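Structure, as structure tokens:
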Amino acid sequence: MIKRYGKLMMATAPLALMTALATPTNAGEIVDFGGVFGEGYLFADITEGVAEPGIKIITTDLNNDDFATSNGFSASNIDNCLMSNLAAGIECDASAGAGKRIKTNFTGDDGFDLRFLTADSSGVTEYFTYGKATNLSGARLMGYSLQIGTGTGEDFALATDLDLSDNTGVLFDALSTLDATALAWDGLGGVTTGQNPLQRTSLPDGLFGDGGQEGTTGFFDPNSAGFVLIQNADGTIIEATELFGAAHIAVFGDGLLDRGQIPDGYFYDDDGLEETEGILLAWYDNRADSGAGAWVYGDGIIGETKGAIVDPVDLAAWEANAAYEVLGIEDLSNLNLNFSIDVGDLVLGEFTLRFTPVFADIVEEAASDYQFAVAGSLDAANIPYLNADTAYLGTISSIMGFATPEERQLALERQGYSFLGAYSEGALGLARAQTSALDQRLQDLQVGNGGASMSSRAPAMLEEGDDLDVILSSTSIGLDFAAGGNLNGFIEGSIGMGTFDTTLNSIGYDLEDLSLTAGIDYGLTNGWVLGASVGYGASTATILDDRGSLDTTAMGGMLYAMSEMANGAYINGMVGMYGLEYDSVRYVSLGDNTYLASTTGTQFVAGVSGGLNYDLSGWTVGPVASAKLISSDVNGFTETGGDPLNAITVEDFTVQTTLLSIGVQSSKEIETSNGTFIPSVNLAFVSETTDSTIISTAFAELPAFGTPVDGRGGEYLDLNLGMTYLLNRSDAGTTALNLGYEGIFAGTYESHRASVGAQFTF
């Protein structure tokens, strides 16, 4: 079922527009569509018969400058237009409701550009635009502007040729004195001149207005609502200056709602056809029932009064009937848009139509996507139907009261959850410690030429049928023991620390961790070693700028295996699961609040590695390569403590990291009268990718918003240096001491790990 309240049909995913759409050029000025650039897209609705890229150009009356309709208002008898890419035969003069409107979408704070390619005609051709703008930006839209120019993105320049008398250039259609029908339009804002047909933008008539093809009256009010459109004198800019419509302002405020701020509606599917629209019967008003919230009727519902609460008996019947469905009233985030463009002969053969959004003052302060999301959520407190506590308006006033933009931006950052990235990074650090312990264990089981280990560990020798009496070290202290036969065990501990830089959307932090790993493995006579380990880890992230801390613990286990071939080649594998626990403290300077949260999660780890050992002038040298996947799931939570209005609820989220590495490792035995020294080095080139993600978060009484968390990606060198000293290599057992260092230096973080180990065999 699709929704009947304003002719928006959502049926496919957004389509990236980088390809041109060819149209007939026998009499046209605009001949191609060159794509969308910036924070927006066009939507091609296949249920409505709209093909990619969602727009087409119709030119049937070349050089028709100063085209006018009889009443100066209605878009009737249109020959040239920009419209949705409907099937052939549906053109500019198709009847209302045919789906002619181009569905443009705002998806961020910077707006977007539509590029058009042109051909000369030695005249000026006028195009009417059937448009629709949807707010998917994340904040209320307080207005917007249309600009004509050249270039896209940072290369955009406003049109400079302001005179079409020589049939060159491109401008919005010239203004003229308004006819009586146009003067009756609710959204004129006092002006007496305008385009013919009149440029205008409004919410769909199915919600506000006479109902149009949707019915006899608007669901919320019979009067129109939308933005006043004012065109500048030189024809290069049209601005939506303010929202009109008393009913809309009283219920939904003085801005266009974002898709995430719309209320739910109850829709009735009267014909069972997916391609037709359901009928909107009621909507959920948080102000109803003395602020408790309830379903209420709209205008035009037969036998019911607008604003009356739906009878519980009727509501129960709706819930039990599959023909009734609860959906968001999406047209509350849509605007219909009418305007015309005059196109002359262009030297460059192209022009750009730029859409630029305007937001509330606190949202305009944002300097990053994260700040924008926090500001947009707080600004939603200005939407009346939400019935949010007025204290949120006080929070906005306090933030705007800071003297400088930098102070206001910092206050926005601290108001939100700026270190959600530490959840996955804390767990990732523990997983890397666990996998590192198994990597070293597996390396210890490899047989190098001359018996030298390919790690900072002491060497191990294994012949077919021998016991696996292996010496094991760790980054702090380790112990290896033989349980008899080919069954062996190990225990290892490690300590590490790292620093994660602040990125555009995430505050930095210092991370310290402790990890313990223990396991047993069994050597088969065919050269395979199979094992299982259990592990425990704990980390603490200390957030920069005194914003709080996050403690992470992990407990679980892995299965691992190694096989070595006669030519010195080997392959290793591991897979495991860990349970995660988190405890966070978040400090918010505004109001001096401290928030606490606890939650759980799980972590999946898998990896495979391989290499080759061979002798080179007494050194055991070999290439190594590996691939690992670490996926961390975090369960949702709600903060406690502090002002409950500004406590944040976080929904479940998942972050994945992939690690691909290739490198070389080498070690050498140096015999002395007192023992054996084994220096070792492992140098790997690592390509690491941690997902960027958007996590659903919400203040207590405000709609959810997406908190962006920057991922980490890039290449770096991972350096391991080690020195092992063997005190004794008798058959009775071996004692070894070692020192080691691991250093990682990446683009946005660095990590250091020191090792001191003692090893014993029995």
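On a predicted model such as this, the values are computed, not experimentally measured, just so you know.
If you check the side chains of Glu413 and Gln371, you find a donor sitting under 3.5 Å from an acceptor. No hydrogens or angles considered: nothing links the side chains of Glu239 and Ser145 as a donor-acceptor pair under 3.5 Å. Checked by atom type, the side-chain pair Thr654/Asp633 shows a donor-acceptor distance below 3.5 Å.
Within the 4.5 Å cutoff, the side chain of Arg586 has heavy atoms near those of the Ile648 side chain. Looking at heavy atoms from C-beta onward, Tyr284 lies out of side-chain contact with Val326 at the 4.5 angstrom threshold. Counting only heavy atoms from C-beta outward, the side chains of Asp109 and Glu39 approach each other to under 4.5 Å. Counting heavy atoms from C-beta on, the side chains of Val358 and Glu364 come closer than 4.5 Å. A 4.5 Å side-chain heavy-atom check between Lys132 and Phe43 finds every atom pair outside the cut-off. A 4.5 Å side-chain heavy-atom check between Thr356 and Tyr144 finds every atom pair outside the cut-off. Counting heavy atoms from C-beta outward, Leu42 and Leu114 have side chains that approach closer than 4.5 Å. Using a 4.5 Å heavy-atom threshold, the side chains of Thr693 and Leu420 count as separate.
No more than 12 heavy-atom neighbours from other residues, nucleotides or ligands sit within 6.0 angstrom of CG on Asp361. The environment of CD in Glu581 is sparse: at most 12 heavy-atom neighbours from other residues, nucleotides or ligands sit within 6.0 Å.
Here the side chain of Asp710 pairs a donor or acceptor atom with the backbone of Asn505 at under 3.5 angstrom. Under a 3.5 Å cut-off, the side chain of Asp299 and the backbone N or O of Lys306 do not form any donor-acceptor pair. Under a 3.5 Å cut-off, the side chain of Asn635 and the backbone N or O of Thr600 do form a donor-acceptor pair. Proximity of a side-chain donor or acceptor of Glu407 to a complementary backbone N or O of Ala403 within less than 3.5 Å is detected. Judged by distance alone, the side chain of Thr201 and the main-chain N or O of Leu337 form no donor-acceptor pair under 3.5 Å. With hydrogens and angles ignored, the 3.5 Å screen pairs a side-chain donor or acceptor of Ser424 with a backbone N or O of Gly421. No donor-acceptor pair under 3.5 Å is formed between the side chain of Ser377 and the backbone N or O of Ala373. With Asn338 contributing its side chain and Arg200 its backbone, the two residues share no donor-acceptor pair below 3.5 Å. Asn286 places no side-chain N or O within 3.5 Å of a backbone atom of Asn387 that could act as its donor or acceptor partner. When atom types are taken as modelled, the side chain of His248 and the backbone of Asp254 share no donor-acceptor pair closer than 3.5 angstrom.
A ring-centre distance under 6.0 Å is not found for Phe419 and Tyr509. Ring-centre distance between Phe220 and Tyr385: not below the 6.0 Å cut-off. Side-chain rings of Phe359 and Phe372 approach one another, their centers coming within less than 6.0 Å. Centroid-to-centroid, the aromatic rings of Phe252 and Trp283 come within less than 6.0 Å.
Note that CG of Leu207 and CD of Glu330 are 11.0 Å apart. Values are rounded to the nearest 0.5 Å. The OG1 atom of Thr129 sits 10.5 Å away from atom CZ of Arg101, with the distance rounded to the nearest 0.5 Å. A distance of 4.5 Å separates CG of Leu412 from CD1 of Ile399, quoted to the nearest 0.5 Å. Distance check, rounded to the nearest 0.5 Å: CG of Asp643 to OG1 of Thr395 gives 7.0 Å. In this structure, CG in Asp314 is found 8.5 Å from OH in Tyr324, a value given to the nearest 0.5 Å. Taken to the nearest 0.5 Å, the CG atom of Asn382 stands 4.5 Å off from the CZ atom of Arg140.
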**OP:** Show the numbers, then the answer: is there a side chain to side chain contact (heavy atoms under 4.5 Å, CB included) between Thr697 and Phe705?
**Re:** CA-CA 5 Å; Thr697 52; Phe705 62 99; 3.3 Å; yes
**OP:** Just do the side chain to side chain contact (heavy atoms under 4.5 Å, CB included) check on Arg287 and Val251 with the steps written out, would you?
**Re:** CA-CA 10 Å; Arg287 303 166 304 169; Val251 180; 3.7 Å; yes
Subject >> Leu203 vs Asp331, side chain to side chain contact (heavy atoms under 4.5 Å, CB included): CA-CA, chis, key distance, verdict >> reply: CA-CA 7 Å; Leu203 277 90; Asp331 262 351; over 6 Å; no
**OP:** Kindly determine whether Phe227 and Leu256 satisfy side chain to side chain contact (heavy atoms under 4.5 Å, CB included), including the steps that lead there.
**Re:** CA-CA 9 Å; Phe227 283 102; Leu256 181 70; 4.1 Å; yes
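Minimum heavy-atom separation, Gly253 to Pro384: N-CD, 3.3 Å.
Applying the ring-ring contact (aromatic ring centres under 6.0 Å, His included) test to residues at least two apart or on different chains, none of the pairs has a partner in residues 388-416.
The only option from Tyr423, Phe653, Tyr417 that meets the side chain to side chain contact (heavy atoms under 4.5 Å, CB included) definition with Ile695 turns out to be Phe653. Residue Thr134 is tested with Asp258, Asn105, Thr104, Thr107 for a side chain to side chain contact (heavy atoms under 4.5 Å, CB included); the sole match is Asn105.
Remark: Val585 pairs with Ser549, Tyr587, Thr594, Leu596 by the side chain to side chain contact (heavy atoms under 4.5 Å, CB included) rule, at least two apart or across chains.
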